[in-house]
2 protein chains.
Amino acid sequence: MAEPLRKDPLDDVFAALADPTRRDMVARLASADATVGQLADPYDMSVQAVSKHLKVLEAAGLVTKVKDGQRRTVHLEAEVFDLMTKWIERYRQEAEARYRRLDAVLAEMDRTPTDPTNDHTTGAGAPT
Amino acid sequence: MAEPLRKDPLDDVFAALADPTRRDMVARLASADATVGQLADPYDMSVQAVSKHLKVLEAAGLVTKVKDGQRRTVHLEAEVFDLMTKWIERYRQEAEARYRRLDAVLAEMDRTPTDPTNDHTTGAGAPT
DNA sequence: GTTCTCCTCAACCAATGGGTTGATGATGAC
DNA sequence: GTCATCATCAACCCATTGGTTGAGGAGAAC
């Protein structure tokens, strides 16, 4: 018992997107590449701070930098997104399938009450 | 300029899933509800630590606890996942559309080189 | 050449996060 | 009633994070 749960690349991806500034950068990079300076411009923080944020995104594989003369052009890498969507979708669907099954069971119990003393009148159903 | 980027519920969701232990709990809860003790069992850490993790998941809205006598039954809430998938899909699709457009442009330039001095032989195209 | 711009690196600091231990409340077993 | 079990709360520790300032390197501009 207790495998230490080895480090997963998803750790870095989720962590990177947990910061609103970094999510905003990703959002902006989705519509166009940008230099570090351009990215930093709207935010109320130093360029160095933005550079750090970019390093986090880069380490997570969400972004790559291309040296372009004096500037660095930042480019969004969309492939990593698939990792996340796959993880999320897998468990979301698994969970929803389970709820559907539960609903079916409850409906069945409702139709043929085998034991009337067992009143399942709690709101346990309807996963809304 | 520099709106402080107001706190977004996605902050908590992404942050919650950035931890491998918490992702594992979510994975397990997808197939069945569980008590705190059952959840804690496989991990090499104290029950209190697991309780903290659950508080994080709960604050993010990923999980609810139902008092069930002495135990607390933990239940996965799949709705929040939609928030994430929507965010992710939006920007992934935006980015991919952009790449497709770029590919088209490059293909066009390749077919009808309007200015031969401008050698675009860099690997700028073909996203992978 | 000098100077200016773009970006990164390094050191620092306050706050947060993930873990620990110890104590406590509430319920179930006897 | 007493005692054990399940879970939480509180205090503490150390590592990480998100920001700062200051210094420096590599290119462009002159």
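Note on naming: letters A, B, ... go to the chains in the order of the sequence lines (proteins, then strands), and numbering restarts at 1 for each one.
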(message) Between C1' on C:dC7 and CD on A:Glu58, what's the gap in Å once rounded to a whole number?
(response) 13 Å
(message) Determine whether a donor-acceptor pair (N or O, by modelled atom type, separation under 3.5 Å) exists between the side chain of B:Arg28 and the backbone of B:Leu39.
(response) yes
(request) Return the minimal non-hydrogen interatomic distance between B:Leu62 and B:Ala16, and the atom names on each side. (result) CD1-CB, 4.0 Å
(message) Minimum heavy-atom separation for A:Glu96 and B:Ala78, please, with both atom names.
(response) CG-CB, 4.3 Å
(request) Could you pick out which residue, B:Val36 or A:Asp68, lies toward the 5' side of DNA chain D when each is mapped onto its nearest nucleotide? (result) B:Val36
(request) Nearest-nucleotide wise, let me know which of B:Ala49 and A:Lys55 is further upstream toward the 5' end of DNA chain C. (result) A:Lys55
(request) Would you kindly give the CD-to-P distance between A:Gln38 and C:dT5, to the nearest whole Å? (result) 16 Å
(message) Below 4.0 Å from chain B heavy atoms, what is the first contacting nucleotide of DNA chain D and what is the last?
(response) D:dT5 to D:dA11
(request) Could you please name the option among C:dA11, C:dT21, C:dG19 that lies closest to any side-chain atom of B:His53? (result) C:dG19
(message) Taking the minimum atom-to-atom distance to the side chain of B:Arg22, which one of C:dG28, C:dC12, C:dG18 wins?
(response) C:dG18
(request) Take the angle between the ring planes of B:Phe81 and A:Trp87 and call it parallel below 30°, perpendicular above 60°, tilted in between. (result) parallel
(message) Is B:Ser46 close enough to C:dT20 that one of its side-chain N or O atoms is under 4.0 Å from OP1 or OP2 there?
(response) yes
(request) Could you say whether A:Gln48 or B:Leu54 is positioned toward the 5' end of DNA chain D, judged by the nucleotide with the nearest heavy atom to each? (result) B:Leu54
(request) Not counting sequence neighbours, which residues clear salt bridge (charged side-chain N to carboxylate O under 4.0 Å, His left out) with B:Asp19? List them please. (result) none
(request) Indicate the atoms forming the closest heavy-atom contact of B:Ala95 with A:Leu76, along with that distance. (result) CB-CD2, 3.9 Å
(message) Looking at every non-hydrogen atom in both residues, tell me the closest pair between B:Ala34 and B:Gln38 and how far apart they are.
(response) CA-OE1, 3.3 Å
(request) Specify the separation, in whole Å, of atom CG of A:Asp41 and atom P of C:dT5. (result) 15 Å
(message) I need the CZ-C1' distance between A:Arg71 and C:dC4, as an integer number of Å.
(response) 12 Å
(message) Could you tell me how far apart A:Asp19 (CG) and C:dA15 (P) are, to the nearest whole angstrom?
(response) 17 Å
(request) Measure the distance from NZ on B:Lys52 to P on C:dT16 and round it to the nearest whole Å. (result) 14 Å
(request) Output the single nucleotide from C:dA23, C:dC7, C:dT27 whose closest atom is nearest the side chain of B:Lys67. (result) C:dT27
